[in-house]
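Okay, so here's the structure we're looking at.
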Amino acid sequence: MLDLPTLSSNGIILKPLTLTHASDLVEACQDGELWKINVTSVPEPNKVIDYINTADSMPDRQAFVVIDERTGKAIGSTSFHDILPLTKRLEIGYTWYAKSYWQTHVNTTCKLMLLTYIFENLKYQTVGWRTDIENYHSQKAIERLGAKKDGIIRGNRVRRDGVISDTVMYSVLKSEWPQVKVELTKKLNKSY
């Protein structure tokens with residue numbers, strides 16, 4: 001397992017997810033009724049504690065809570081998962097934010113903090129993302145980060161409605177990181 005740091009930038013704090021964040025996350029997932037979106041991993045409000053316990057029990061997942069520094073409230077979550085220390089690859093996923101934070105600086109800020117930590121502190125070589133083939137909002141968000149589409153894995157995931165679906169895979173390599181960092185920083189500077 002990796003040591004999870006507390007990261008902070010642009011009014012957003014990332015720190016390890018614990019049960020103390022449950023009540024805020026219940027509110028956050030109700031902002032936009034996000035659990036009703038079939039292609040996401042957002043928990044139902046009455047299952048937030050299960051969601052946190054499951055994240056904590058998964059051997060290859062380490063979850064962060066996303067906190068708005070202005071309010072001190074948790075507004076979402078993101079995780080490292082599918083961590084492969086030998087090949088120095090991991091994925092960022094299980095990411096969701098209260099709907100009122102969509103299309104703000106939050107996602108770019110979080111990803112810039114996480115990518116900086118992964119490439120510059122952990123010295124990993126590859127960061128990946130995956131999303132449902134019909135989650136166009138997520139695909140656009142990942143592409144805006146500068147990730148390259150690796151391809152589609154057919155028939156490898158089950159949506160919450162039981163439908164078997166395809167996954168779109170993306171990644172950023174360490175060699176691409178300097179340019180990705182410049183572009184993400186420019187995007188953040190424009191939003192302030």
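What's counted below: heavy atoms across the whole structure, side chains too, no hydrogens, waters or symmetry copies. Counting begins at 1 with the first residue of the sequence.
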**Report entry** Other residues, nucleotides, ligands: >12 heavy atoms within 6.0 Å of Ile153 CD1
**Finding:** yes
Query raised in the report: Is there side-chain contact between Ile142 and Thr131, with at least one heavy-atom pair below 4.5 Å?
Result: yes
Requested in this report: For residues Gln62 and Leu4, report the shortest heavy-atom separation together with the two atoms involved.
Outcome: CB-CD1, 3.7 Å
Requested in this report: Answer yes or no: is there an ion pair linking Asp161 with Arg159, defined by an N-O contact shorter than 4.0 Å?
Outcome: no
Requested in this report: Would you verify whether the NZ or CZ of Lys174 falls within 45 degrees of the ring axis of Trp177 while also being under 6.0 Å from that six-membered ring's centre?
Outcome: no
Query raised in the report: Do the side chains of Asn53 and Leu19 get nearer than 4.5 Å, heavy atoms only?
Result: yes
Query raised in the report: What about Val106 and Leu184, same hydrophobic cluster or not, with Ile/Leu/Val/Met/Phe/Trp/Tyr joined at side-chain heavy-atom distances under 4.5 Å?
Result: yes
Query raised in the report: Can any side-chain N or O of Asp132 pair as donor or acceptor with the backbone N or O of Glu134 at less than 3.5 Å?
Result: yes
Requested in this report: Identify whether Val163 and Ile37 are in the same connected component of the hydrophobic contact network (ILVMFWY, side-chain heavy atoms under 4.5 Å).
Outcome: no
Requested in this report: State whether the side chain of Glu176 and the backbone N or O of Leu173 hold a donor-acceptor pair below 3.5 Å, judged by distance alone.
Outcome: yes
Query raised in the report: In Å, rounded to the nearest 0.5 Å, how long is the span from CD of Gln30 to NZ of Lys99?
Result: 15.0 Å
Query raised in the report: Does any N or O in the side chain of Asp31 come within less than 3.5 Å of the main-chain N or O of Ala98, such that one atom is a donor and the other an acceptor?
Result: no
Query raised in the report: What distance do Leu34 atom CG and Glu44 atom CD have between them, rounded to the nearest 0.5 Å?
Result: 12.0 Å
Requested in this report: Considering non-hydrogen atoms only, spot the tightest contact between Ile133 and Ser165 and give its length.
Outcome: CG2-OG, 3.8 Å
Query - Atom pair CG/CD1 of Leu112 and Ile12 - distance to nearest 0.5 Å - result: 12.5 Å
Requested in this report: Apply the test side-chain contact (heavy atoms from CB on, under 4.5 Å) to residues Ile52 and Leu25: give CA-CA distance (whole Å), side-chain angles for both, the deciding distance (0.1 Å), then the verdict.
Outcome: CA-CA 10 Å; Ile52 294 169; Leu25 290 180; 4.3 Å; yes
Query - Residues Glu183 and Gln179: side-chain donor-acceptor under 3.5 angstrom - result: yes
Query raised in the report: Are Cys110 and Val66 side-chain neighbours, meaning at least one heavy-atom pair lies under 4.5 Å?
Result: yes
Report task. Answer yes or no: is there a side-chain heavy-atom contact under 4.5 Å between Thr71 and Asp68? Result -> yes
Requested in this report: Kindly work out whether a path of hydrophobic side-chain contacts (I/L/V/M/F/W/Y, heavy atoms less than 4.5 Å apart) joins Tyr101 to Trp35.
Outcome: no
Query raised in the report: Closest heavy-atom contact between Glu143 and Lys149?
Result: OE2-CE, 4.1 Å
Query raised in the report: Only one of Thr109, Thr78, Ile67, Thr6 clears side-chain contact (heavy atoms from CB on, under 4.5 Å) with Leu14; which?
Result: Thr78
Report task. Start with the C-alpha gap between Asn10 and Leu188, add the side-chain angles, then the distance that decides, and say whether side-chain contact (heavy atoms from CB on, under 4.5 Å) holds. Result -> CA-CA 9 Å; Asn10 298 324; Leu188 280 175; 3.4 Å; yes
Query raised in the report: To the nearest 0.5 Å, what is the distance between CD1 (Ile118) and CD1 (Ile92)?
Result: 4.0 Å
Report task. Provide the closest heavy-atom pair for Arg160 versus Ser41 in the form atom of the first, atom of the second, distance. Result -> NH2-C, 3.7 Å
Report task. Treat each ILVMFWY residue as a node, draw an edge where side-chain heavy atoms are under 4.5 Å apart, and state whether Tyr136 and Met169 are in one component. Result -> no
Requested in this report: Report the C-alpha distance between Trp129 and Gln139 in whole Å, list the side-chain angles of each, state the deciding distance to 0.1 Å, and finish with yes or no for side-chain contact (heavy atoms from CB on, under 4.5 Å).
Outcome: CA-CA 9 Å; Trp129 289 266; Gln139 289 175 49; over 6 Å; no
**Report entry** Which atom of Asp150 lies closest to which atom of Tyr170, heavy atoms considered
**Finding:** OD2-C, 3.2 Å
Requested in this report: Kindly compute the distance separating OG (Ser175) from CZ (Phe119), expressed to the nearest 0.5 Å.
Outcome: 8.5 Å
Query raised in the report: Do Asn107 and Tyr97 have a side chain donor and acceptor closer than 3.5 Å?
Result: yes
Query raised in the report: Are any side-chain N or O atoms of Asp82 and backbone N or O atoms of Glu91, one a donor and one an acceptor, separated by less than 3.5 Å?
Result: no
Query raised in the report: Aromatic rings Trp96 and Tyr51: how do their planes relate, parallel, tilted or perpendicular, breaks at 30° and 60°?
Result: perpendicular
Query raised in the report: Looking only at heavy atoms, which two atoms of Pro16 and Val65 are closest? And how far apart?
Result: O-CG1, 4.1 Å
Requested in this report: Please state whether the rings of Phe80 and Phe64 are parallel, tilted or perpendicular, taking 30° and 60° as the class boundaries.
Outcome: perpendicular
Requested in this report: May I ask whether Leu17 and Ile49 are part of the same hydrophobic cluster, defined by side-chain heavy atoms of I, L, V, M, F, W, Y residues being less than 4.5 angstrom apart, directly or through others?
Outcome: yes
Query raised in the report: Side-chain donor-acceptor pair under 3.5 Å between Arg157 and Thr167, yes or no?
Result: no
**Report entry** side-chain contact (heavy atoms from CB on, under 4.5 Å) between His21 and Lys73, intermediate numbers included
**Finding:** CA-CA 8 Å; His21 305 112; Lys73 291 188 148 226; over 6 Å; no
Query raised in the report: Is Ser57 reaching over with its side chain to a backbone N or O of Thr54, donor-acceptor style, under 3.5 angstrom?
Result: yes
**Report entry** Leu115 side chain near Val127 side chain, heavy-atom distance below 4.5 Å
**Finding:** yes
Requested in this report: Look up atom CG in Leu90 and atom OG1 in Thr87, then write down how far apart they are to the nearest 0.5 Å.
Outcome: 9.0 Å
